[in-house]
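Labels below follow one simple rule: chain letters A, B, ... track the order of the sequence lines, proteins then strands, and each chain is numbered from 1.
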Number of protein chains: 2
Amino acid sequence: MAGQSKENTRYVGDTVAHDDDTIDFEIIELLFFAYRDFTSDPDAILEKGGFGRAHHRVLHFVDREPGMTVADLLDTLKITKQSLARVLKQLIDSGYIRQVTGPEDRRQRMLYTTEEGQALARALAEPQSRRIAHALAKTGPGARETVKRFLASMKNGAGD
Amino acid sequence: MAGQSKENTRYVGDTVAHDDDTIDFEIIELLFFAYRDFTSDPDAILEKGGFGRAHHRVLHFVDREPGMTVADLLDTLKITKQSLARVLKQLIDSGYIRQVTGPEDRRQRMLYTTEEGQALARALAEPQSRRIAHALAKTGPGARETVKRFLASMKNGAGD
DNA sequence: AAAAATATGTCAATAAGGCTGACATATTTT
DNA sequence: AAAATATGTCAGCCTTATTGACATATTTTT
């Protein structure tokens with residue numbers, strides 16, 4: 001029945017594939033489920049306002065870095081201008097984000113959350129924060145430092 | 001750091017929102033970037049075959065649990081039958097997954113990866129596994145246990 | 001045996017959130 | 001004055017998800 005032992009490295013396209021047991025399926029799956037449930041937390045709140053995860057991300061980063069420009073945001077989110085436009089427009093029209101013409105370069109639009117935007121951003125982050133606090137507490141002392149280091153190293157360009 | 005005290009609780013809609021400093025923005029962001037880059041690893045390979053992340057997930061779980069039924073898969077992925085249908089059909093037509101009529105209940109379709117499917121699943125998992133190994137090594141000894149416990153606790157129904 | 005429930009498949013319409021290409025406008029830099 | 005830059009916008013397309021409705025085969029219940 002679907003034997004798992006297939007020794008010897010083999011090749012699939014350009015990519016070297018290793019044995020079953022050399023692949024960390026355990027953490028791959030844990031990460032999948034953890035992130036799936038972590039991101040599902042704010043969804044209920046988002047739905048009420050007719051927003052989605054795209055709005056959440058925009059709101060989050062503008063809230064965390066007030067005064068960031070549209071270009072900054074595009075760079076952070078790694079999406080296109082046209083993709084951002086729709087979502088950003090809705091957030092502006094709904095009064096959660098406001099734009100201020102750049103004081104030095106008047107072509108720029110500096111982005112800020114309004115009071116309502118700030119409140120929404122925090123309301124969205126709160127259940128996620130709770131989940132994290134709970135998981136860290138359950139994991140044990142020192143977990144926070146280890147988890148931080150691990151996650152930071154998982155990111156691209158974390159400096160080898 | 002980031003004390004848990006609940007000063008100045010205020011309300012946004014039905015949801016209780018806490019102060020800035022009681023919210024763990026640091027790990028929220030680390031998780032966002034870590035997962036974004038983690039999932040970007042297999043994308044290049046996927047594109048070559050005209051597949052997307054949906055195909056990746058299906059292939060992954062069928063590979064990990066050979067013989068799972070369509071219902072099992074729907075339950076794991078938490079998507080609808082109609083959403084699964086298209087993706088699964090493409091994987092079957094491409095020869096990566098095959099269906100076997102259930103030996104006890106002939107209504108069921110047990111799912112298995114073909115040899116090509118197995119090879120693809122492993123090729124996709126390999127860069128992710130590498131990234132994890134690298135991050136764990138950088139984090140230090142004992143990181144694996146801590147990270148596993150943390151991620152497991154982040155999942156829903158992890159048992160309080 | 002007939003009826004109901006179940007597992008799966010499929011058609012059609014809709015939505016969110018990405019994408020590319022093309023072009024407009026205001027502003028700054030050369 | 002010309003070129004480059006930051007932003008906005010129109011139009012069309014793709015993927016992945018949704019809901020609702022209905023078809024088929026098979027198993028379970030009555």
Side-chain angles (χ1 to χ4, degrees), chain A residues 32 35-36 39-40 42-62 67-94 97-112, chain B residues 32 35-36 39-40 42-62 67-94 97-112:
Chain A
F32 171 77
Y35 198 76
R36 184 193 62 182
T39 54
S40 79
D43 282 358
I45 303 170
L46 251 0
E47 266 178 51
K48 293 181 200 165
F51 292 141
R53 289 190 192 167
H55 303 86
H56 185 184
R57 290 194 290 272
V58 169
L59 188 63
H60 171 86
F61 284 109
V62 172
M68 76 192 305
T69 65
V70 171
D72 291 338
L73 196 47
L74 290 177
D75 196 55
T76 300
L77 298 174
K78 304 223 192 294
I79 59 174
T80 60
K81 179 177 56 162
Q82 298 92 324
S83 297
L84 175 60
R86 179 176 28 89
V87 173
L88 183 55
K89 194 171 192 304
Q90 288 171 316
L91 286 167
I92 291 168
D93 291 348
S94 307
I97 287 181
R98 69 194 156 83
Q99 291 178 311
V100 176
T101 295
E104 291 175 19
D105 187 333
R106 303 182 14 139
R107 290 171 304 184
Q108 294 182 329
R109 300 286 172 267
M110 323 245 302
L111 304 171
Y112 297 90
Chain B
F32 172 78
Y35 198 77
R36 185 192 62 182
T39 54
S40 79
D43 283 359
I45 303 170
L46 251 2
E47 266 179 49
K48 293 181 200 166
F51 292 141
R53 288 188 192 168
H55 304 85
H56 185 185
R57 291 195 290 273
V58 169
L59 188 63
H60 171 86
F61 285 109
V62 172
M68 75 190 306
T69 66
V70 172
D72 291 339
L73 197 46
L74 290 176
D75 195 55
T76 301
L77 298 174
K78 304 224 192 295
I79 59 174
T80 59
K81 179 177 55 162
Q82 297 92 323
S83 296
L84 175 61
R86 179 185 33 92
V87 172
L88 183 55
K89 194 171 191 305
Q90 289 172 318
L91 286 167
I92 291 168
D93 291 349
S94 307
I97 288 181
R98 70 195 155 84
Q99 291 178 311
V100 176
T101 296
E104 291 174 19
D105 187 335
R106 302 182 13 138
R107 290 171 303 184
Q108 294 181 331
R109 300 286 172 270
M110 323 245 301
L111 304 172
Y112 296 91

For A:H56, ring pair (Phe, Tyr, Trp, His ring centres under 6.0 Å) partners two or more places apart | none
Ring pair (Phe, Tyr, Trp, His ring centres under 6.0 Å) partners for A:F61, two or more places apart = B:F32, B:F33
Does any residue of residues 70-89 of chain A have a heavy atom under 4.0 Å from DNA chain D, and if so, which ones, in number order?
-> A:V70, A:A71, A:K81, A:Q82, A:A85
Which value, rounded to the nearest 0.5 Å, describes the distance between [X] atom [atom1] and [Y] atom [atom2]?
X: A:L59; Y: A:L111; atom1: CG; atom2: CG; value: 11.0 Å
X: B:T39; Y: A:Y35; atom1: OG1; atom2: OH; value: 8.0 Å
X: A:M68; Y: A:D72; atom1: CE; atom2: CG; value: 5.0 Å

Residue list, side-chain contact (heavy atoms from CB on, under 4.5 Å) with A:D75, at least two apart or on another chain = none
Among all residues two or more places apart in sequence or in another chain, which pass the side-chain contact (heavy atoms from CB on, under 4.5 Å) test with B:R98?
-> B:V100, B:Y112, B:T114
Output every pair passing salt bridge (charged side-chain N to carboxylate O under 4.0 Å, His left out) with a member in residues 49-62 of chain B, not counting sequence neighbours, ordered by first then second residue.
-> B:D43-B:R53
For [X] and [N], what is the distance between atoms [atom1] and [atom2] respectively, to the nearest whole Å?
X: A:E47; N: C:dG17; atom1: CD; atom2: C1'; answer: 15 Å
X: A:R36; N: D:dT16; atom1: CZ; atom2: C1'; answer: 16 Å
X: A:D43; N: C:dG17; atom1: CG; atom2: C1'; answer: 14 Å
X: B:M110; N: C:dA7; atom1: CE; atom2: P; answer: 14 Å

Side chains of residues 81-92 of chain B: which donor-acceptor partners sit under 3.5 Å, not counting sequence neighbours?
from  : atom 1 : to    : atom 2 : distance (Å)
B:S83 : OG     : B:T80 : OG1    : 2.9
B:K89 : NZ     : B:D93 : OD2    : 3.4
B:Q90 : OE1    : B:H55 : NE2    : 2.6

DNA chain C-proximal residues of residues 50-58 of chain A, any heavy atom under 4.0 Å | A:G52, A:R53, A:A54, A:H55, A:R57
Could you list the residues that satisfy salt bridge (Lys or Arg N to Asp or Glu O under 4.0 Å) with B:R107, not counting sequence neighbours?
-> B:D105
Any side-chain N or O of A:Q99 under 4.0 Å from OP1/OP2 of D:dG8?
-> yes
Contact summary for B:M110 and B:G102, nearest pair of heavy atoms = CG-CA, 3.8 Å
Note, B:T69 side chain near B:R109 side chain (heavy atom, < 4.5 Å) | no
Kindly write out the residues that satisfy side chain to side chain donor-acceptor pair (under 3.5 Å) with B:T76, not counting sequence neighbours, or none if the list is empty.
-> none
Quick one: the dot-bracket string of DNA chain C, using Watson-Crick and G-U wobble pairs with both distances under 3.5 Å, [ ] for crossing pairs and | for bases paired to another strand.
-> ||||||||||||||||||||||||||||||
Within the sub-3.5 Å range, which N or O atoms of nucleotides 27-30 of chain D have a protein N or O partner, and how far apart are they?
from   : atom 1 : to     : atom 2 : distance (Å)
D:dT27 : OP1    : B:R106 : N      : 3.1

